[in-house]
There are 2 protein chains.
Amino acid sequence: MDSIISQHGGRREPGGRRPLSQMAILGEAIRFIDEQGLERLTMRQLGARLGVEAMALYRYIPGREQLLDGVVEVLMDELYRDTMVDNDAASWQDYLQTLAAGVRRLAQTHPRVFPLVASRPPAAPWLRPPLRSLRWVEAFLEGLAGYGFSHTSSVAAYRAFATFLLGHLLLETSAATAMPTDPADDIEFIESNDLADYPLITELGPELAVDMFGDEFDAALEDLINRLTVDLD
Amino acid sequence: MDSIISQHGGRREPGGRRPLSQMAILGEAIRFIDEQGLERLTMRQLGARLGVEAMALYRYIPGREQLLDGVVEVLMDELYRDTMVDNDAASWQDYLQTLAAGVRRLAQTHPRVFPLVASRPPAAPWLRPPLRSLRWVEAFLEGLAGYGFSHTSSVAAYRAFATFLLGHLLLETSAATAMPTDPADDIEFIESNDLADYPLITELGPELAVDMFGDEFDAALEDLINRLTVDLD
DNA sequence: ACCTGAACACCGTTCAAGT
DNA sequence: ACCTGAACACCGTTCAAGT
């Protein structure tokens with residue numbers, strides 16, 4: 001984890017605080033959400049974590065909405081560095097596999113932030129979460145062009161790829177975020193809903209509960225790649 | 001639109017109000033979100049729309065979180081009636097097509113509520129949004145069993161189907177919800193981001209901006225069905 | 001230059017009190 | 001039985017004032 005947001009240390013203010021800055025605030029916000037979840041992130045709480053009153057943050061960030069936008073931007077920059085810089089995939093199939101793995105890694109590293117990447121209104125309507133930074137999308141299209149994709153094909157690939165990632169990773173992060181997977185909760189839930197009315201769910205319960213996200217992701221991605229292959233002619 | 005939530009009229013209170021009830025409140029909440037969006041739905045605003053102070057709602061609903069859960073439940077009941085009752089598809093392929101169309105219809109009817117269906121923590125971790133009601137999932141599994149699916153295959157189909165719907169419909173509703181598609185915004189956005197740095201996006205702009213959700217949905221669904229076919233042996 | 005205190009307009013929610 | 005007024009603990013945000 002050599003990400004910019006996990007940097008600690010550095011200069012300190014007289015009060016024992018790290019000096020405030022936009023980056024320091026955004027990094028702390030990400031750490032906060034990672035630990036406590038988005039619902040608990042308030043300007044006041046965030047200020048407190050930085051050793052400062054909430055009002056001090058407004059010198060660096062226009063408001064809460066822009067704070068969240070900034071969080072998304074920081075993660076997209078991280079994704080860019082992680083997936084686009086020095087990407088030397090041997091084929092477009094490898095290229096997509098590498099990128100998909102990178103986005104999934106991001107989602108797994110920040111499961112409680114990922115919904116933000118996935119759901120914040122994008123800057124332009126044709127930017128599809130979770131692939132929502134101009135720089136990243138430009139590099140993506142350029143990459144595909146380098147592998148011989150036509151304009152039409154690379155746009156289609158962008159769309160399909162984003163849709164695929166959104167569905168899979170939103171479900172995976174939401175499962176990862178859900179309560180400490182206490183099987184007792186399942187039982188309680190089932191019982192409170194009159195188990196008897198749902199015989200198939202009852203029978204398939206154990207099978208439903210198995211975590212298959214990795215396999216599903218790989219299988220659906222392979223399938224998506226096949227679909228794109230067909231479209232290429 | 002014969003949905004239960006669009007019923008008006010009926011008995012009135014002396015004050016000129018419709019009588020309060022859980023259903024009346026949930027229905028009004030859905031109408032409110034449809035019109036104004038989730039961000040503006042507060043207990044106080046909702047009360048005002050029902051001709052009542054916010055505190056009166058607590059007699060019928062435990063709190064705001066449960067209000068939102070209730071909204072999701074009402075829409076899932078609507079989906080159940082719309083897709084599961086009297087479903088007489090001739091094949092499992094038709095069956096999935098019918099169901100997919102029904103979920104898409106729901107998303108298009110309530111584009112600003114759909115994110116709630118998609119993102120609220122499900123009651124059990126193995127329930128996948130947007131297919132999150134026990135009753136609906138039971139019927140789904142039963143339906144597939146009727147077409148000869150093994151338990152393993154129907155569980156796999158449930159997972160893949162939910163993932164597919166989540167990705168596609170979240171993107172489609174989010175695009176539908178975005179600003180009144182003012183092309184001037186795009187231009188302004190592009191210009192503010194130094195267009196020159198993103199030549200491919202610039203060139204492909206018009207192609208990116210074309211709405212293709214219908215075609216994409218159909219193509220990806222067909223593909224999903226093919227994938228399931230292969231898995232069946 | 002950078003942070004804070006006090007204040008404003010809003011939340012969700014509780015509860016005793018009204019009708 | 002059903003609703004409200006008043007109150008509490010919390011928000012985001014502004015701005016004059018402090019250092």
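The analysis underlying the following values was restricted to heavy atoms, covering all of them including side chains, and did not include hydrogens, waters or symmetry mates. Chain naming here is simple, since letters A, B, ... match the order of the sequence lines and numbering starts at 1 in each. Small disclaimer: the values here were computed from a predicted structure and weren't measured.
When base pairs are accepted only as Watson-Crick or G-U wobble with both N-N or N-O distances under 3.5 Å, DNA chain D takes part in stems of 3 or more pairs at C:4-8 with D:12-16, C:12-16 with D:4-8.
With A:Tyr158 contributing its side chain and A:Leu131 its backbone, the two residues share a donor-acceptor pair below 3.5 Å. Of the possible polar contacts, one joining the A:Asn87 side chain to the A:Thr83 backbone as a donor-acceptor pair under 3.5 Å is found. Panel note: side chain B:Arg64, backbone B:Leu41; a donor-acceptor pair is recorded below 3.5 Å. Looking only at distances, a side-chain donor or acceptor of B:Arg132 sits under 3.5 Å from a matching main-chain atom of B:Arg120. Checking side-chain atoms of A:Ser119 against main-chain N and O of A:Leu116 turns up no donor-acceptor pair under 3.5 Å. A donor-acceptor contact shorter than 3.5 Å links the side chain of A:Arg159 to the backbone of B:Leu208. A:Glu138 places a side-chain N or O within donor-acceptor distance of the main-chain N or O of B:Leu200, the cut-off being under 3.5 Å.
Between B:Phe217 and B:Leu165, the closest side-chain pair of non-hydrogen atoms falls below 4.5 Å. With a 4.5 Å cut-off on side-chain heavy atoms, B:Val117 and B:Pro129 do not count as touching.
Remark: B:Arg59 is not in phosphate contact with D:dC2, judged by side-chain N or O atoms under 4.0 Å from OP1 or OP2. One finds a side-chain N or O of A:Tyr60 lying less than 4.0 angstrom from the OP1 or OP2 phosphate oxygen of C:dC3.
Of the residues in residues 38-52 of chain B, those lying under 4.0 Å from DNA chain C by heavy-atom distance are B:Thr42, B:Met43, B:Arg44.
Nearest-nucleotide assignment on DNA chain D puts the 5′-proximal partner with B:Glu53, out of A:Gly63 and B:Glu53. Nearest-nucleotide assignment on DNA chain C puts the 5′-proximal partner with A:Leu57, out of A:Leu57 and B:Pro62.
Going from atom CZ of B:Arg64 over to atom P of C:dC10 covers 16 Å, rounded to whole Å. One atom, OH of A:Tyr58, and another, P of C:dG5, lie 16 Å apart when rounded to the nearest Å. The CD-C1' distance, from A:Gln22 to C:dC2, rounds to 16 Å in whole Å. Counting to the nearest Å, the C1' atom of C:dC3 and the CD1 atom of A:Ile25 are 12 Å from each other.
Looking at the side chain of A:Met55, the nearest of the listed nucleotides C:dG5, C:dT13, D:dT4 is C:dG5.
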